[in-house]
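Written out below as structure tokens is the structure these notes cover.
In the text below, chain A, chain B and the rest are named by the order of the sequence lines, each starting its count at 1.
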Amino acid sequence: SSMNLEFSQLSMLPHLADLVSYSIQKVIGFAKMIPGFRDLSAEDQIVLLKSSAIEVIMLRSNQSFTLEDMSWTCGSNDFKYRVSDVTQAGHSMDLLEPLVKFQVGLKKLNLHEEEHVLLMAICILSPDRPGVQDTSLVESLQDKLSEILQTYIRCRHPPPGSRLLYAKMIQKLADLRSLNEEHSRQYRCLSFQPEHSMQLTPLVLEVFGNEIS
Amino acid sequence: KKKENNALLRYLLDKDDV
């Protein structure tokens, strides 16, 4: 029953909301450094950021994910997040099971930092996000980044790790689309309840949407 | 549905450092 009480109160929600809010700011700062991103219209920048934010957060969180105990460990054990912590923030295994699988698969690619960064940039500059106006401009920026990534792998990533690496990375972007969809579903559910949406931050509400308004 | 203005996002995109 204490477990039920903890769940109904979503004891980790305020903390996770803060963490996600902070991460969104990092994603915005990162996007602004991608060549060409600032040249897009403000509307396209906003559409791209809102649609990719959760995917980039999932990607960047891989740096703190450890296969040792399948947790996100930031520095010391004081900042260790387990699946159970995320369920206490209102998410279910329908998201967390594929998310952990995704983290394990991505970790096993042993990406260089350069590849990791390029993958996040390619994710943000996806021309097929709903609402993008200048799709051809976004596409040309993404194409340039993909070329750089493929060249990097060819020249700097030794075999056998480089084998099919680019294809595997693109598959990760596909995985992120379904994780994004499931996250949206669960977020919508959560934000429908005022007692929970009031624990979110203004930035989270703006980026993921505010159902109570 | 109310019109989205994305004021926070606009602000964070405009400011020089995040």
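Annotation for A:M198: atom CE does not count as buried by contact number, only 12 or fewer foreign heavy atoms lying within 6.0 Å. In A:K80, the NZ atom is crowded: over 12 heavy atoms of neighbouring residues, nucleotides or ligands sit closer than 6.0 Å.
Pairs passing the salt bridge (Lys or Arg N to Asp or Glu O under 4.0 Å) check and including a residue from residues 33-43 of chain A, sequence neighbours excluded, read A:E43-B:R10.
For A:F30, no part sits under 4.5 Å from any heavy atom of chain B, backbone or side chain.
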Pair B:N6-A:K50, side chain to side chain contact (heavy atoms under 4.5 Å, CB included): steps then yes or no: CA-CA 10 Å; B:N6 300 303; A:K50 288 177 86 164; 2.6 Å; yes
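Listed in order of number, the residues of residues 97-106 of chain A that approach chain B to under 4.5 Å between heavy atoms amount to none.
Applying the side chain to side chain contact (heavy atoms under 4.5 Å, CB included) criterion to A:T66, with sequence neighbours excluded, gives A:E68, A:D69, A:S71, A:T73. Looking at residues two or more places apart in sequence or on another chain, you find a side chain to side chain donor-acceptor pair (under 3.5 Å) between A:D128 and A:R177.
In this structure, A:Q45 contributes its side chain and B:L13 its backbone to no donor-acceptor pair below 3.5 Å.
Atom CG of B:L9 and atom CG of A:L203 lie 6.0 Å apart (nearest 0.5 Å).
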